[in-house]
Amino acid sequence: MAKDFATREGDFPKWYNDIVIKADLAENSAVRGCMVIKPYGYSIWEKMQAALDKMFKDTGHLNAYFPLLIPKSFLSKEAAHIKGFAKECAVVTHYRLKTSDDGKGVVVDPTAKLEEELIIRPTSETIIWHSYKKWINSYRDLPLLINQWANIVRWEMRTRLFLRTTEFLWQEGHTAHATEAEALEETKKMLDVYTEFAETWMAMPVLKGLKSENERFAGAIDTYCIEALMQDGKSLQAGTSHFLGQNFAKAFDVKFTDKSGKQKFVWASSWGVSTRLIGALVMAHSDDNGLVLPPKLAPIQVVIIPIYTEKEQLDSISERVQIITDSLREKGISVKYDDRDTHKPGWKFNEYEFKGVPIRIAIGPRDMEAGTIELARRDTLEKNTYEWEEGVEKIPGILDDIQSNLYKRALKKREENTHEIETYDEFKKVLKEKGGFLMAHWDGTTETELKIKGDTKATIRCIPMEGDGKEGKCMVTGKPSKQKVVFAKAY
RNA sequence: CGGGGCGUGGCGCAGUCCGGUUAGCGUACAUGGCUGGGGGUCAUGUGGUCGCAGGUUCGAAUCCUGCCAUCCCGACCA
């Protein structure tokens, strides 16, 4: 099996890193904290983009693009927003280089200093709301439903491939509405879109919930999120949707005239998911043999490997493979026929297994004689031999089965690692020994939340929207609690 | 920014304490043979100013000084 790779049990962070590197998803770059997303990893992102983009369009959104650089003054217009992001902004101060005095290199030209520094966007609310002021005049201009696909920069202290990098790719939706109710509805609708994407496409179950004040987006009234449990028992925030109230409308003076002729501030939402989802995908499904990809997001769904000793054998195998690939492609399945003579079959088996290709077909001389093919599925590592035409017919069904099996498997793991907690002692014990999602009562104060974080490193991941709604007493202070909330150590 | 580690062919490392000819090993790469149903094997070969600068010495990957890079641990975070 996999050799020289870390195991989940042995060293989870190393296991994760090994998969990302050796499955050729990404690598570190010359710039500290920034990664190169390699073609195989980028293909997964393209699949995610395509699915999400369609869902955004289907819910009435249009794509647009706003500048990478934001005037410093824009960022400071919303007080909470700047407070949250100030510490991690990259700043552009000059616009020209010149040859250094010794002639050997280039230096920043001090005469080319910008009058106002530009910030590389850590998120685009401010630059977008500056435009919205011009775009919105009447209730007829609303709702305004815009999304942008972009890169952003947040100067993080410690980075990890996909999970936290200085620059990352994402989408950010920014909407404006006439009423509070509409904006709130939009916020929740997009959270539902993310939930559906995570569960249907990524085969990753998520908890929907509301963030505590402490974890809220800088500038939001409320932040909703989806949280997923990784195989090491830590939680990962997979997407967020913010109800911004009128905070940005007021900061950028975005008003509209309603039907009765009155001037009103608009109501807003913003929502985003990033390339972090690729990290989530890796940690949700993969095993000690490498990456495991859900068929709906796999760049290659079926790989075909010929086994032969002589050219004549390869020729007759290739002839049959041509029929198989045509048939699969007609069904919309992505197929790769790897007939390279530079690698041996065994090497290829391991290669594609490590890269998480859902189904492998092997055809050798024995199969040609018997009229069969061997199908191997990545999720269970099962191998079966079928009469070849029958095997090909079964593939769409097997892909569907892998997709649903991965979801069920992940859901089962989450259920096994979700613990009902009554006392703080029990909380500490379970967190230390098992990890996972800990459901416990909390009095609703930031003070208590920070105490728990200080004691245990666990944070409130969310106040679940689909909780049991049973009242109780805070496990720390004994004060009343409306419902249990989800605690976990987080990425 | 505080504490620790590391820097030697593309990658992973040994050698450094205790200085001594042509700087090794694994892997990868190249060519050829035998192979081919789970990372095969044998042979041959390419590739390194030992992070940079200075110093000590007959002689430095090895000792000394300074600098740079990078990684891990803490505070921040999608």
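In what follows, chains are A, B, ... by sequence order, proteins preceding strands, each numbered from 1. Predicted, not measured: the structure shown is a model, and the values here were computed from it.
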Can you measure A/F349 atom CZ to B/G40 atom C1' for me and round it to whole angstrom units? 14 Å

May I have the distance from A/N17 (atom CG) to B/G12 (atom C1'), rounded to whole angstrom? 14 Å

Test for a donor-acceptor pair under 3.5 Å between the base of B/G36 and the side chain of A/D341, counting only N and O atoms. yes

Taking atom C1' in both B/A30 and B/G9, what distance in whole Å separates the two? 15 Å

What is the nucleic acid contact for A/F168, judged by heavy atoms within less than 4.0 Å: base, sugar-phosphate only, or nothing? base

A/N350 side chain, from C-beta outward: closest of B/G36, B/G39, B/A78: B/G39

Does the structure show a Watson-Crick or G-U wobble partner for B/C18, both distances under 3.5 Å? Name it, or say none. none

Base, sugar-phosphate, or nothing for A/T459, non-hydrogen atoms under 4.0 angstrom? nothing

Measure from the side chain of A/K344, starting at C-beta and using heavy atoms only, and say which of B/A78, B/A75, B/G36 lies closest. B/G36

Can you tell me the distance, in whole Å, between the CG atom of A/D11 and the P atom of B/C73? 11 Å

For the side chain of A/K348 and the base of B/G36, is some donor closer than 3.5 Å to an acceptor across the two? no

Identify whether any heavy atom of A/K211 sits under 4.0 Å from a base atom; if not, whether one sits that close to sugar-phosphate; answer base, sugar-phosphate or nothing. nothing

Categorize A/Q237 for me: base, sugar-phosphate, or nothing, with a 4.0 angstrom heavy-atom threshold over every strand shown. sugar-phosphate

Take atom C1' in B/A14 and the same atom in B/G48, then report the distance between them in whole Å. 15 Å

Rounded to whole angstrom, note down the C1' distance from B/A23 over to B/U65. 25 Å

Please give the distance between the C1' atoms of B/C42 and B/C58 as a whole number of Å. 46 Å

Can you tell which of B/G37, B/G74, B/A78 lies closest to the side chain of A/K457? B/G74

Check ion pair A/D338-A/K336 (N to O, under 4.0 angstrom): no

Paired with B/G7 by Watson-Crick or G-U wobble geometry, both distances under 3.5 Å: which nucleotide is it? B/C68

Nearest-nucleotide comparison on RNA chain B, the residue closer to the 5′ end among A/W347 and A/G239: A/W347

Suppose you measure atom C1' in B/U49 against the same atom in B/U8; what distance do you get, rounded to whole Å? 12 Å

Before accepting this row, confirm whether a basic side-chain N of the pair A/D192/A/K188 lies closer than 4.0 Å to the acidic partner's carboxylate O. no

Report yes if a side-chain nitrogen or oxygen of A/K14 is closer than 4.0 Å to either non-bridging phosphate oxygen (OP1 or OP2) of B/C71; otherwise report no. no

Residues A/D339, A/K348: salt bridge by 4.0 Å N-O rule: no

Tell me, please, whether A/F349 has A/R360 positioned over its six-membered ring: NZ or CZ under 6.0 Å from the ring centre and within 45 degrees of its axis? yes

Nearest to side-chain heavy atoms of A/K87, which nucleotide of B/G36, B/G38, B/C76: B/C76

Can you check the A/I21 CD1 to B/C71 P distance for me, whole Å? 12 Å

Is A/R32 near enough to B/C71 that one of its side-chain N or O atoms lies under 4.0 angstrom from OP1 or OP2? yes

Using purine N1 to pyrimidine N3 plus N6-O4 or O6-N4 for Watson-Crick, or N1-O2 and O6-N3 for G-U wobble, both under 3.5 Å, which nucleotide pairs with B/G39? none

Between A/Y308 and A/D341, do the side chains contain a donor N or O and an acceptor N or O under 3.5 Å apart? yes

Whole-Å distance, A/N28 CG to B/U70 P, equals 11 Å

Nearest-Å distance, CD (A/E27) to C1' (B/C11)? 12 Å

A/T165 side chain, from C-beta outward: closest of B/C76, B/A78, B/G37: B/A78

Spacing of A/L191 atom CG relative to B/A78 atom C1', expressed in whole Å: 14 Å

Result for 5'-nearest mapping on RNA chain B, choosing between A/T159 and A/E167, is A/T159

If you only use heavy atoms from C-beta on, which nucleotide in B/A78, B/C76, B/G38 is closest to the side chain of A/S274? B/A78

Per A/M157 side chain, nearest of listed nucleotides B/G37, B/G38, B/A75: B/A75

Atom CD1 of A/I305 and atom P of B/G37 are separated, to the nearest Å, by 11 Å

Check whether any side-chain heavy atom of A/I363 lies under 4.5 Å from a side-chain heavy atom of A/V321, and answer yes or no. yes

Geometric cation-pi criterion, A/K22 with A/F354: 6.0 Å, 45°: no

State the pairing partner of B/C29; accept Watson-Crick or G-U wobble contacts with both distances under 3.5 Å, and report none otherwise. B/G45

Nearest-angstrom distance, P atom, B/C18 to B/C63: 8 Å

For A/L163, report the nucleic acid contact type (base, sugar-phosphate, nothing); a contact means any heavy atom under 4.0 Å. base

Check each of A/E172, A/H174, A/E125, A/H242 against A/S270 using the side chain to side chain donor-acceptor pair (under 3.5 Å) test, and report the only one that passes. A/E125

A/R158 side-chain N/O to B/C73 phosphate OP1/OP2 under 4.0 Å: yes

Counting the atoms with a prime plus P, OP1 and OP2 as sugar-phosphate, which does A/R160 contact under 4.0 Å by heavy atoms, base, sugar-phosphate, or nothing? nothing

Could you give the distance separating B/C50 and B/U62 at their P atoms, to the nearest angstrom? 9 Å

Ranking B/A78, B/G38, B/G37 by distance to the side chain of A/D367, first place goes to B/G37

A/D401/A/R377 salt bridge by N-O under 4.0 Å criterion: yes

Taking atom P in both B/U70 and B/A75, what distance in whole Å separates the two? 23 Å

Is there a Watson-Crick or G-U wobble partner for B/A78 with both distances under 3.5 Å, and if so, which one is it? none

For A/Y308, report the nucleic acid contact type (base, sugar-phosphate, nothing); a contact means any heavy atom under 4.0 Å. base

